[in-house]
Amino acid sequence: MRTIGVLTSGGDAPGMNAAIRAVVRTGIANGLRVMGIQRGYSGLMNGEIFEMTRSSVSDIIQRGGTILKSARSAEFRTPEGRKKAYNVLKVFGIEGLVVIGGDGSFTGAKLLSDEWDIKTVGIPGTIDNDLAYTDYTIGFDTAVNTVLDAINKLRDTSTSHERVSVVEVMGRHCGDIALYAGLAGGAESIIIPEEDYNFDELCKTIIEGKVKGKLHNLILLAEGIGGAEELAKKIEEVTGIESRATVLGHIQRGGSPTAFDRILASRLGARAVELLLEGKSKRVVGIRDNKIVDFDITEALEMEKRRDDHKKLYELSKILGY
Ligand SMILES: Nc1ncnc2c1ncn2[C@@H]1O[C@H](COP(=O)(O)OP(=O)(O)O)[C@@H](O)[C@H]1O
Ligand SMILES: O=P(O)(O)OC[C@H]1O[C@](O)(COP(=O)(O)O)[C@@H](O)[C@@H]1O
């Protein structure tokens, strides 16, 4: 293998730049030409490609976002779109492609390798932590810390006004951001898609908390379950306690990555290049029990989250936050 490409796809995540840096520098250290592909699969189909040097990735390890830009492309979901992408890869002599993204991006990579002679390796870059094969995705730790910072501030004002504070966080179908930030921030209640929740029980907990002398009540709500505004309004109606909603939104996707995310991204980026050098394809890299691992893309996407560990954290948050 002489030339590889790297792109970022789907929702961006803090730490993607550190992963790009690791791919570029590991590639060059191993005698490869490394091409940067802009705007994900969309830029790939349009030939938005340039050669990267060691200095192309200088001064980016601390930056959020992705210097390669990210995009979502409907055209790449079609066989015609992927044929177009392959033709562009051929023109640039790219034999191996590193895709930094989430499950959708990995599915796209797998299809591209199934249909055309191109080797692909995926690196998990998404704040959601919704990929079961890896304990952590790049960006998750930073997002949790961003939420934690917000919770600390909301706690101050909630306490002053003796209010309920409902905080809605990202995560599509995965409650990890809400769970980890809620546990770390001492939230009274955490509402996530993986665990049943009962509105009457929630109100009972809030009223009991008030009776016990709690000055605030912090509720972490994962997006997708229902809006924070609506929930805060209903809580106020039923409990009679003033309630406010905060939707953190895209704030969670930005910011300087934590040390954890930078180190994870550096390790995964280097391993992705090694796999291509070993001639591997349709693989994804990840971390399990602090060891870098890799799996076949299909196998990885079919895995289920380790529910026991998740459940334990959820139960702990209930005992500690109540
Ligand atoms: N089933 C699919 N087949 C082919 N390409 C896909 C598929 N799913 C997603 N992709 C490509 O990957 C891009 C990113 O996927 P998306 O689901 O938006 O983000 P993520 O990779 O973070 O899950 C999509 O815009 C599309 O171009
Ligand atoms: O930036 P957009 O298009 O509004 O997407 C928002 C979604 O992207 C995410 O931040 C990350 O999702 P992906 O990494 O799977 O693309 C979700 O948590 C959120 O629901």
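Atoms within a ligand are numbered from 1 in the order they appear, just like the ligands themselves. All residue numbers in this chain count up from 1 along the given sequence.
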Checklist entry - So which residues get pulled into Met45's cluster when ILVMFWY side chains under 4.5 Å apart are joined, directly or through others? => result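 Besides Met45, the cluster holds Leu7, Met35, Ile37, Tyr41, Leu44, Ile49, Phe76, Tyr86, Val88, Leu89, Val91, Phe92, Ile94, Leu97, Val99, Leu112, Trp116, Ile118.
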Pairs under 3.5 angstrom, nitrogen or oxygen on both sides, ligand 1 versus protein: list them out, please.
{"residue": "ligand 1", "atom": "8 (N)", "partner": "Arg77", "partner atom": "NH1", "Å": "3.3"}
{"residue": "ligand 1", "atom": "8 (N)", "partner": "Gly104", "partner atom": "O", "Å": "3.4"}
{"residue": "ligand 1", "atom": "10 (N)", "partner": "Gly104", "partner atom": "O", "Å": "3.2"}
{"residue": "ligand 1", "atom": "18 (O)", "partner": "Arg72", "partner atom": "NE", "Å": "2.7"}
{"residue": "ligand 1", "atom": "21 (O)", "partner": "Gly102", "partner atom": "N", "Å": "2.9"}
{"residue": "ligand 1", "atom": "21 (O)", "partner": "Gly102", "partner atom": "O", "Å": "3.4"}
{"residue": "ligand 1", "atom": "21 (O)", "partner": "Ser105", "partner atom": "N", "Å": "2.8"}
{"residue": "ligand 1", "atom": "21 (O)", "partner": "Ser105", "partner atom": "OG", "Å": "2.4"}
{"residue": "ligand 1", "atom": "22 (O)", "partner": "Gly102", "partner atom": "N", "Å": "3.4"}
{"residue": "ligand 1", "atom": "23 (O)", "partner": "Asp103", "partner atom": "N", "Å": "3.4"}
{"residue": "ligand 1", "atom": "23 (O)", "partner": "Asp103", "partner atom": "OD1", "Å": "2.8"}
{"residue": "ligand 1", "atom": "23 (O)", "partner": "Gly104", "partner atom": "N", "Å": "3.0"}
{"residue": "ligand 1", "atom": "25 (O)", "partner": "Ser73", "partner atom": "N", "Å": "2.7"}
{"residue": "ligand 1", "atom": "27 (O)", "partner": "Ser73", "partner atom": "N", "Å": "3.4"}
{"residue": "ligand 1", "atom": "27 (O)", "partner": "Ser73", "partner atom": "O", "Å": "2.6"}

Next on the checklist: What verdict does the ring pair (Phe, Tyr, Trp, His ring centres under 6.0 Å) test give for Tyr136 and Phe260, after you've listed the backbone C-alpha separation in whole Å, the side-chain angles of each residue and the deciding distance to 0.1 Å?
Outcome noted: CA-CA 10 Å; Tyr136 298 106; Phe260 180 88; 5.3 Å; yes
Next on the checklist: So Leu231 and Leu221, do their side chains get closer than 4.5 Å, heavy atoms only?
Outcome noted: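 A side-chain contact exists here, since the closest heavy-atom pair is under 4.5 Å.
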Next on the checklist: I'd like to know if Lys280 and Asp294 make a salt bridge, using a cut-off of under 4.0 Å between side-chain N and carboxylate O.
Outcome noted: no
Item to check | Side-chain ion pair, Lys84 and Glu75, N-O less than 4.0 Å | outcome: yes
Checklist entry - Can you tell which part of Gln252 has a heavy atom less than 4.0 Å from ligand 2: side chain, backbone, both or neither? => result neither
Checklist entry - Please state which protein non-hydrogen atom is closest to atom 15 (O) of ligand 2 and give its distance, to 0.1 Å? => result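 The closest one turns out to be Arg172 NE, 3.5 Å.
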Checklist entry - How far is atom 18 (O) of ligand 2 from its nearest protein heavy atom, and which residue and atom is that? => result Asp128 OD1, 2.6 Å
Item to check | Identified salt bridge (Lys or Arg N to Asp or Glu O under 4.0 Å) counterpart of Lys305 within the set Asp128, Asp130, Asp176 | outcome: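 That would be Asp176; it is the only one of Asp128, Asp130, Asp176 passing the salt bridge (Lys or Arg N to Asp or Glu O under 4.0 Å) with Lys305.
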Checklist outcome for this item: ligand 2 atoms nearer than 4.0 angstrom to some heavy atom of Gly11 are 13 (P), 14 (O), 16 (O)
Item to check | Whether Gly102 lies under 4.0 Å from ligand 2, heavy atom | outcome: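 In this structure, Gly102 fails to qualify as a contact of ligand 2 - no heavy atom is under 4.0 Å.
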